[in-house]
Amino acid sequence: MTPAIVLALLLAGTTAPARPAAPPAFIVVLDPGHGGEKDGALSVEGRPEKAITLQIARLLRKKLEKQGARVVLTRAEDVTVDLPRRAAIANAEEADLFVSLHLNSAPGGPGSPARGIETYFLSADATDASASAVAARENADRPRSDPTDAVGGILEDLEDQANLAESSRLAHAIHGALVRGTRAPDRGVKQAPFHVLAGARMAAVLLELGFVSHPVEGKDLARPARQEAIAGSIAAGIAAWRRAGIADASR
Ligand SMILES: [Zn+2]
């Protein structure tokens, strides 16, 4: 090929330049709790938490993509993913936010009266004994051979402090939207030492979207209409968090 032909081809290629794809407005990593060997809590009907969290994550992904987000799931199927790996995926994606999806289970087990929604962000100390018990249950997926204290080192540098302030703002935005959108009992925004949140270098929250141990709520959480309401509410909460952040930045 002569230089003239190469030039002609290059020019031909520039006559109708392809517009570069617009970058995503924001990047979300969704973390469906448990998976593979780890069932999580069991519902009153014997349905594992891992199956319901994945269904909700898939619904939520669609809704966030409509907002212009790029959405990555820490697991898209029923596979085992270690807790530190989940936050590492969010860090590698340089995500703007990390949302870990879980379902609660009362200490009394199936048939217990506890119901409603709790939203968490990270702290070395739990808000109360109940928050501490939730973290202990969710941290149980961690291999026993792992001696590291993933949460002990947090709150040490300024970046962590900024991430925690954003996590608190995100937690309140999502929690408010969830309580309004699902009319579930409001059990509050709390803090606890969750290992899955400890390594995340961005706004990160863990949602306890209802009690699979409750006789009515436990069954309801497996219904598509309920999952749709939950996913829609989380998406609305994330949209509200983003709007407030953009307003702050332009002030
Ligand atoms: Zn869980």
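Whatever order the structure lists them in is the order used to number ligands and atoms, beginning at 1. Please read these numbers as outputs of a predicted model, since none were measured by experiment.
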If I consider every N, O or S atom in [X], which one ends up closest to the Zn ion (ligand 1)? I only need its name.
{"X": "Glu138", "value": "OE1"}
{"X": "Glu49", "value": "OE2"}
{"X": "His102", "value": "ND1"}
{"X": "His34", "value": "NE2"}

Q. Going by distance alone, is a donor N or O of one side chain under 3.5 Å from an acceptor N or O of the other, for Asp141 and His195?
A. no

Q | Check: His102/Glu208 side-chain N/O donor and acceptor closer than 3.5 Å | A |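 No, because no side-chain N or O of His102 sits under 3.5 Å from a partner of the opposite role on Glu208.
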
(Q) Exactly one of Asn104, Val44, Leu103, Thr53 should register a side chain to side chain contact (heavy atoms under 4.5 Å, CB included) with Leu221. Which one does? (A)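 Exactly one pass, corresponding to Leu103.
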
Q. Which pair of non-hydrogen atoms, one from Met202 and one from Ala95, has the smallest distance, and what is that distance?
A.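 Where Met202 meets Ala95 most closely, the heavy atoms are CB-O, 3.5 Å.
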
